[in-house]
Amino acid sequence: MVKQAYDHLLTALMTLQIAPGDRIAIDQVARRLDISQTPVREALSQLEAKKLVVKTPNVGYRASPQMTREEVRDLYALRQLIEPYTAARAAAAMSPRSIATLKSIDRAMSSIVDGDPDAFSNFAAADDQLHQLIAALSGNRLVADMLEGLHAHMHIFRALYRTNAPSEAAAEHRVVIDALVAGDPDGAENAMRIHLERSLQRMDEALAGEEAPTT
Ligand SMILES: [Zn+2]
């Protein structure tokens, strides 16, 4: 029942049915899912650990505020320092098993159609899986744990929901995956750098649109 509540809330947060800053009423969620409040509370505390909701004394839970453009740029600057390195290290450490996993992630991402809201959270999950896998394959636990702690993808996809165009990112991912499968560290490093640059551009444009005065 915790999982049911978690999935329900996560989908609502990712698809902006619960908008950034919105209050989340535990009793309403419980009633809607026809479960008790305890699993809803447990799901919310899991989402709090992922920084998707915040708990405020006397108020309860709210959806985390949208990242500002400044915060997004800082996040990407950090990722640019780390992820080209993890991609290069991963390319040098490929095994048949990791190649098979990469190919299955690639297949999952390729099958997603732009503009389909249901497919979008699948894409977000596949993207998360890809970047985490590359970090794990780098063999540097410290870096992998740090990237996981950022939960960058969830925030990014939440913000980009309205500009849903995963085919661009899927094409960039394919260049990264091809270089990894070929065991090409320089190619993987470069492809990751380009993917993060373009991803930041998409993010920045989406946020610029939101911050612009509504005239
Ligand atoms: Zn990505």
Side-chain angles (χ1 to χ4, degrees), residues 10 13-15 50-52 66-67 69 71-91 93-94 98-140 143-182 184-207:
L10 180 62
L13 288 162
M14 294 298 238
T15 56
K50 290 189 157 58
K51 299 173 194 152
L52 285 169
Q66 185 69 69
M67 288 179 101
R69 287 178 86 181
E71 286 167 339
V72 167
R73 286 182 193 142
D74 287 352
L75 176 66
Y76 272 86
L78 182 58
R79 293 184 70 191
Q80 279 290 17
L81 289 171
I82 297 170
E83 292 195 67
Y85 157 84
T86 60
R89 297 256 310 194
M94 276 296 127
S98 41
I99 288 174
T101 312
L102 282 169
K103 288 189 171 164
S104 80
I105 296 174
D106 187 32
R107 271 196 302 279
M109 285 197 284
S110 308
S111 66
I112 291 161
V113 182
D114 282 357
D116 178 353
D118 292 334
F120 195 64
S121 55
N122 295 339
F123 185 83
D127 183 65
D128 191 31
Q129 206 192 344
L130 175 64
H131 288 267
Q132 295 294 348
L133 175 68
I134 292 170
L137 291 174
S138 77
N140 187 329
V143 159
D145 287 351
M146 198 185 127
L147 274 178
E148 198 179 344
L150 291 176
H151 299 296
H153 301 278
M154 295 197 160
H155 295 283
I156 288 161
F157 278 95
R158 190 163 64 126
L160 283 182
Y161 179 70
R162 288 193 204 87
T163 60
N164 180 359
S167 60
E168 279 178 41
E172 293 156 22
H173 285 145
R174 184 149 321 111
V175 183
V176 175
I177 290 170
D178 286 348
L180 288 169
V181 170
D184 171 9
D186 289 347
E189 184 177 334
N190 213 21
M192 180 63 85
R193 185 169 294 123
I194 290 168
H195 167 48
L196 291 174
E197 265 165 28
R198 300 211 174 130
S199 177
L200 171 58
Q201 252 166 38
R202 285 191 289 272
M203 186 81 180
D204 204 45
E205 280 163 20
L207 291 175

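One-based numbering, in listed order, for ligands and for the atoms of each.
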Report yes if some heavy atom in the side chain of Asp127 is under 4.5 Å from a heavy atom in the side chain of Ile105; otherwise report no.
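The answer is no, as the side chains (C-beta and beyond) never meet within the 4.5 Å cut-off.
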
Indicate yes or no: at least one non-hydrogen side-chain atom of Met146 is less than 4.5 angstrom from one of Ile82.
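SC-SC contact between Met146 and Ile82 confirmed.
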
Among the N/O/S atoms of Asp127, which is closest to the Zn ion (ligand 1)? Give the atom name.
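Output for this pair reads OD1.
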
Salt bridge flag under 4.0 Å for residues Arg89 and Glu189
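A salt bridge is absent here (no side-chain N lies under 4.0 Å from a carboxylate O).
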
Kindly confirm or rule out a cation-pi arrangement of Arg79 over Tyr76, judged by NZ or CZ under 6.0 Å from the six-membered ring centre and within 45° of its axis?
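Yes - Arg79 lies over the ring of Tyr76, closer than 6.0 Å to its centre and within 45° of its axis.
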
Suppose we only count N/O/S atoms under 2.8 Å; would Glu172 qualify as near the Zn ion (ligand 1)?
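Not a single backbone or side-chain N, O or S atom of Glu172 is under 2.8 Å from the Zn ion (ligand 1).
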
Apex the Zn ion (ligand 1); atoms His173 NE2 and His195 NE2; angle rounded to 10 degrees:
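That angle is 90°.
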
